[in-house]
Amino acid sequence: MANYLVIGGGSGFGKAIAKDLLSNHNVWATYHTTQLDFTPTHMQRLNVLDEELTMELPQVLDGLVYAVGNIPLGGFHRSSPEDFLKDYSLQVLGAIKVLQRALPALKRSENPSVVLFSSVAGKKGYGFHSVVSTHKAALEGLVRSLAAEFAPRIRFNCIAPGLSETPLASRLLDSPEKKEKMAQRNPMKRIGSSKDASSLCRFLLSEEASWITGQCIALDGGESTLGI
Ligand SMILES: NC(=O)c1ccc[n+]([C@@H]2O[C@H](COP(=O)([O-])OP(=O)(O)OC[C@H]3O[C@@H](n4cnc5c(N)ncnc54)[C@H](OP(=O)(O)O)[C@@H]3O)[C@@H](O)[C@H]2O)c1
């Protein structure tokens, strides 16, 4: 049984991943405002915006998933420097603080693996995405750099989802018509699911992915690469 830490286990991808891993492994899950509606091996409240993170961790940590984030969409002229800073603190600095805290326990594992969440907007340009694109691109850079710095001991990868059905995306998918419209824009004619993310995440954490590091894997029905 491996020990996994899931940050953001109360909702969306983090919740699906934590529940999926829990069937075979020990899962330390953190929540912020949304209480967990399942019982992991260990649960704790964590606000990654706190200056000092107090987290209980297992002695040996085999994997860490950072599934915290936001989709702060808006016109560039209306996005203040404070908006950029706030989102940077959540998506990038939060991940950095969690990783620095967890590194000693990750180093004690035989096959440690870290998975972070970027977005289809980390590489592809979309209007009104300047805040989220800036920080997802930063996160992708962080993943590549850490993968190099910690090879061959710790693997770092990220998943870049397209629009997926989680509470975060509910505003964009709050009617059957909107859902259908969004699905029709995708080459695979559907939006993503938490299950898509948990399957890929479980693989990236496992021994089977032991030759994959420094990658940002698109999970978007082909949206970022296919011209159809
Ligand atoms: N869903 C999509 O369409 C989509 C597309 C591209 C990328 N992504 C990325 O995928 C990742 C997961 O998103 P999701 O769709 O699963 O969203 P979600 O359901 O809203 O989950 C986000 C998680 O982040 C937690 N969180 C927010 N602020 C926090 C803080 N200050 N401290 C600790 N935890 C905090 C939330 O906890 P509380 O709810 O308790 O506040 C929640 O558990 C994000 O990085 C997102 O940018 C999602």
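Note that ligands are numbered from 1 as they come in the structure, with each ligand's atoms numbered from 1 the same way.
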Practice item. Would you sort out whether Asp220 and Lys123 count as a salt bridge (Lys or Arg N to Asp or Glu O under 4.0 Å), showing the intermediate values? Key: CA-CA 12 Å; Asp220 61 7; Lys123 287 201 181 70; over 6 Å; no
Query - Working for side-chain contact (heavy atoms from CB on, under 4.5 Å), residues Leu172 and Lys178 - result: CA-CA 7 Å; Leu172 305 170; Lys178 278 192 194 172; 5.9 Å; no
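- Aromatic pair Phe117/Phe13: centroids less than 6.0 angstrom apart.
- Listed by chain and residue number, Phe84 satisfy the side-chain contact (heavy atoms from CB on, under 4.5 Å) test with Thr134 (two or more places apart in sequence, or in another chain).
- In this structure the side chain of Arg153 reaches within 4.5 angstrom of the side chain of Pro112, judged on heavy atoms.
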What are the distances between nitrogen or oxygen atoms of ligand 1 and protein nitrogen or oxygen atoms, counting only those under 3.5 Å?
from: ligand 1; atom 1: 1 (N); to: Ser164; atom 2: O; distance (Å): 3.4
from: ligand 1; atom 1: 1 (N); to: Thr166; atom 2: OG1; distance (Å): 3.0
from: ligand 1; atom 1: 3 (O); to: Ser164; atom 2: N; distance (Å): 2.8
from: ligand 1; atom 1: 3 (O); to: Ser164; atom 2: O; distance (Å): 3.4
from: ligand 1; atom 1: 15 (O); to: Thr166; atom 2: OG1; distance (Å): 2.5
from: ligand 1; atom 1: 16 (O); to: Phe13; atom 2: N; distance (Å): 2.8
from: ligand 1; atom 1: 19 (O); to: Ser11; atom 2: OG; distance (Å): 2.5
from: ligand 1; atom 1: 19 (O); to: Gly12; atom 2: N; distance (Å): 3.3
from: ligand 1; atom 1: 31 (N); to: Asn47; atom 2: OD1; distance (Å): 2.8
from: ligand 1; atom 1: 32 (N); to: Val48; atom 2: N; distance (Å): 2.9
from: ligand 1; atom 1: 39 (O); to: Thr34; atom 2: OG1; distance (Å): 2.8
from: ligand 1; atom 1: 40 (O); to: Thr33; atom 2: N; distance (Å): 2.5
from: ligand 1; atom 1: 40 (O); to: Thr33; atom 2: OG1; distance (Å): 3.0
from: ligand 1; atom 1: 40 (O); to: Thr34; atom 2: N; distance (Å): 2.6
from: ligand 1; atom 1: 40 (O); to: Thr34; atom 2: OG1; distance (Å): 3.1
from: ligand 1; atom 1: 41 (O); to: His32; atom 2: ND1; distance (Å): 2.8
from: ligand 1; atom 1: 41 (O); to: Thr33; atom 2: OG1; distance (Å): 3.1
from: ligand 1; atom 1: 43 (O); to: Gly8; atom 2: O; distance (Å): 3.4
from: ligand 1; atom 1: 45 (O); to: Val68; atom 2: O; distance (Å): 2.9
from: ligand 1; atom 1: 45 (O); to: Lys136; atom 2: NZ; distance (Å): 2.9
from: ligand 1; atom 1: 47 (O); to: Asn70; atom 2: O; distance (Å): 3.3
from: ligand 1; atom 1: 47 (O); to: Lys136; atom 2: NZ; distance (Å): 3.0

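- Note: Tyr4 and His25 have perpendicular aromatic rings, judged against thresholds of 30 and 60 degrees for the angle between ring planes.
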